[in-house]
Amino acid sequence: MSRLFKDAAPASGPSATRTFLTLSLAFYVLATSLGLLLRVSFLRPLPWLHFGNALHAHSHTLYFGWAGLGLLALAYEHLGARGRGAARVLATLALTSLLTFVAFLHGGYAAPGIAVSTLALVVWAAAVAVGGHAARGGSGLEVRFLRAGLAYVVLALAGAVARVVLLASGRGTQLHGQLAVFVFLHAFAWFFLFTTMAVLIAHARARGARVDERALGVSLRLLTLTAWLGAPLGVAGGDSGVMGALARAAALVGAVAGLVWVRSLWRMARELSGAAASAYRWLSAWFALKVMMEAAGALGLATWAARARQPALLYLHVMLVGFVSLGLLVPLLERLGRPLARGLTLHNGGLLLMGGGLGLLGAGTGGLSRAAAWLPHGYTLAALGAGLIVLAGVRWLLPAPGLRAQLAGRHTRAHSSPGTRRVSLPPGASVRGACPLAAGTQARDP
């Protein structure tokens, strides 16, 4: 394990980080394109597409190939983890994400899918080790958010191990097995939330925006202590008894703490400009919707949402596409030198359409007779929204016109002056100097 901590060879420098961020964006387009096919299959049967297998491939690739790889690459850069250990973790995560996509798309939870999922757990354990080592001694609010995110990966891995133990021993009820699975999913979701907020804080600082340190610090402490308790609300029947009471209380605490994030993001947007300011306002709005849905679940709608499925899907898309994906895209695209404005309207407009479609489907399956008549329109809206989200991702993935020529010109100028030496800001400067996200492209979005 000590080999993971070697920093002697800068194998994960700025160019390597750009490579991993580009790979993560490619995984985003791949996974959302498969999600679009899943939505189309509700309107027009696709006999060659196995829905269950495709659903697992879609969700696992978004979790690990997109959000996991992208957030870890930015987090490692921020923490100064530039050694071969960090590069190995990111490269292995990218490889396992690709293998996961292929294995699940072909056979679902057959032997290859189980094998590659087990490998992914080992990779994530190594990722926590590298990130935790790099974060030691670090200071700053964003580093505290990163530490909380890594701690929740450990909780997620504990949930996965508990599931394996239950299966191997044959003990526990079906509810226990479902709880173990959802502890894994719920804790990983909070890794995404904490880490997304960390990179947004770093990004806002790099652009000169003020951050509400005190309020966000208090919310971080509250959420770190209580967020894991809300896991049972994702399981049908998990909101009953003492466990359910604790889960509902934790969700309400999380809703109050989440309002601090909503206010802080909105205030950051006031001090930004262009597409970045618009993105932060959208992030504030999506997180506000997430908070309201969580509060509704804590007040008695959790079991209905889990059983009706569509409301749960709406919540997941608001959280993972509205907040996590957009929050990751803001610093990622700037780091790659690509304009955020190219797909921002498509992304948010697509999620609005998809959310409207999922809302109609949820109301129809929930017993509202008037909404039931609109079910076909719900499927159509959801598919149209998914299509816009894919289109936004494709536009971001493809280099902007003239970008290659611009980069080639910079490369030529850098090597045409033998008497000068190019100096780069170290990626770990926010912990050991300055903010790494400022080392990327600093031009404001038009």
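Numbers here simply count residues along the sequence, with the first being 1.
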At what distance, to the nearest 0.5 angstrom, does [atom1] of [X] lie from [atom2] of [Y]?
{"X": "Leu332", "Y": "Phe20", "atom1": "CG", "atom2": "CZ", "result": "13.5 Å"}
{"X": "Leu23", "Y": "Leu30", "atom1": "CG", "atom2": "CG", "result": "11.5 Å"}
{"X": "Leu397", "Y": "Ser24", "atom1": "CG", "atom2": "OG", "result": "9.5 Å"}
{"X": "Met197", "Y": "Leu193", "atom1": "CE", "atom2": "CG", "result": "10.5 Å"}
{"X": "Leu55", "Y": "Leu37", "atom1": "CG", "atom2": "CG", "result": "12.5 Å"}
{"X": "Leu179", "Y": "His186", "atom1": "CG", "atom2": "NE2", "result": "11.5 Å"}

inquiry  = For the aromatic rings, using the six-membered ring if either is Trp, is the centroid distance between Tyr63 and Phe192 under 6.0 Å?
reply    =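 Between Phe192 and Tyr63, which both carry aromatic rings, the centre distance is below 6.0 Å.
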task = Would you please indicate if the ring centroids of Phe188 and Tyr152 are separated by under 6.0 Å?
result =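 Ring-ring flag for Phe188/Tyr152: false, centres at least 6.0 Å apart.
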Can you name the residues that form a side chain to side chain contact (heavy atoms under 4.5 Å, CB included) with [X], not counting sequence neighbours?
{"X": "Leu289", "value": "Trp286, Met292, Met293, Val318"}
{"X": "Leu95", "value": "Leu99"}
{"X": "His60", "value": "His56, Phe64, Thr100, Phe104, Tyr109"}

Using only atom types and a distance under 3.5 Å, with no angle test, would you say the side chain of [X] pairs donor to acceptor with the backbone of [Y]?
{"X": "Arg395", "Y": "Gly343", "result": "no"}
{"X": "Tyr76", "Y": "Ala127", "result": "yes"}
{"X": "Ser278", "Y": "Ala275", "result": "no"}
{"X": "Arg136", "Y": "His133", "result": "yes"}
{"X": "Arg338", "Y": "Trp396", "result": "yes"}
{"X": "Ser284", "Y": "Val262", "result": "yes"}
{"X": "Thr61", "Y": "His58", "result": "no"}

Minimal non-hydrogen separation, [X] against [Y], with atom names:
{"X": "Leu314", "Y": "Gly355", "answer": "CD1-CA, 3.5 Å"}
{"X": "Arg207", "Y": "Ala276", "answer": "NH1-CB, 3.7 Å"}
{"X": "Ala57", "Y": "Leu34", "answer": "CB-CD2, 3.8 Å"}
{"X": "Ala386", "Y": "Leu36", "answer": "CB-CD1, 3.9 Å"}
{"X": "Gly357", "Y": "Leu381", "answer": "CA-CB, 3.8 Å"}
{"X": "Leu141", "Y": "Val211", "answer": "CD2-CG1, 4.0 Å"}

Qualifying residue for side-chain contact (heavy atoms from CB on, under 4.5 Å) with Leu90, from Leu21, Leu69, Thr19 =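 Exactly one candidate clears the test, Leu69.
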Within the 4.5 Å heavy-atom criterion, are [X] and [Y] side-chain neighbours or not?
{"X": "Thr96", "Y": "Leu93", "answer": "yes"}
{"X": "Arg281", "Y": "Trp266", "answer": "yes"}
{"X": "Val321", "Y": "Leu316", "answer": "no"}
{"X": "Arg342", "Y": "Pro339", "answer": "yes"}
{"X": "Leu351", "Y": "His317", "answer": "yes"}
{"X": "Leu62", "Y": "Ser59", "answer": "no"}
{"X": "Leu200", "Y": "Tyr280", "answer": "yes"}
{"X": "Leu155", "Y": "Phe191", "answer": "no"}

task = Check the pair Val330 / Glu334 against side chain to side chain contact (heavy atoms under 4.5 Å, CB included), numbers first and verdict last.
result = CA-CA 7 Å; Val330 172; Glu334 181 173 298; over 6 Å; no
query = Glu77 pairs by side chain to side chain donor-acceptor pair (under 3.5 Å) with which of Arg18, Arg335, Arg82?
reply =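 With Glu77 as partner, side chain to side chain donor-acceptor pair (under 3.5 Å) holds for just one option, Arg335.
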inquiry  = Between Leu329 and Leu25, is the side chain to side chain contact (heavy atoms under 4.5 Å, CB included) condition met? List the steps.
reply    = CA-CA 9 Å; Leu329 282 163; Leu25 188 54; 3.9 Å; yes
task = Not counting sequence neighbours, which residues clear salt bridge (charged side-chain N to carboxylate O under 4.0 Å, His left out) with Arg210? List them please.
result =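 In terms of salt bridge (charged side-chain N to carboxylate O under 4.0 Å, His left out), with neighbours along the sequence ignored, Arg210 is linked to Glu271.
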request  = Would you please name every residue forming a salt bridge (charged side-chain N to carboxylate O under 4.0 Å, His left out) with Arg263, sequence neighbours left out?
outcome  =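 Once residues adjacent in sequence are excluded, the partners of Arg263 under the salt bridge (charged side-chain N to carboxylate O under 4.0 Å, His left out) criterion are Asp212.
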request  = May I ask you to decide whether Arg248 forms a salt bridge with Glu294, counting only side-chain N to carboxylate O separations under 4.0 Å?
outcome  =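 No.
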key: Selection residues 227-262 - residue pairs positive for ring pair (Phe, Tyr, Trp, His ring centres under 6.0 Å), sequence neighbours left out   =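 Passing the test, one end in residues 227-262: Phe145-Trp261, Trp261-Phe287.
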Criterion side chain to side chain contact (heavy atoms under 4.5 Å, CB included) on Trp66 and Leu71, from CA distance to verdict = CA-CA 8 Å; Trp66 160 236; Leu71 287 171; over 6 Å; no
request  = Show the numbers, then the answer: is there a side chain to side chain contact (heavy atoms under 4.5 Å, CB included) between Tyr379 and Leu358?
outcome  = CA-CA 8 Å; Tyr379 289 119; Leu358 292 174; over 6 Å; no
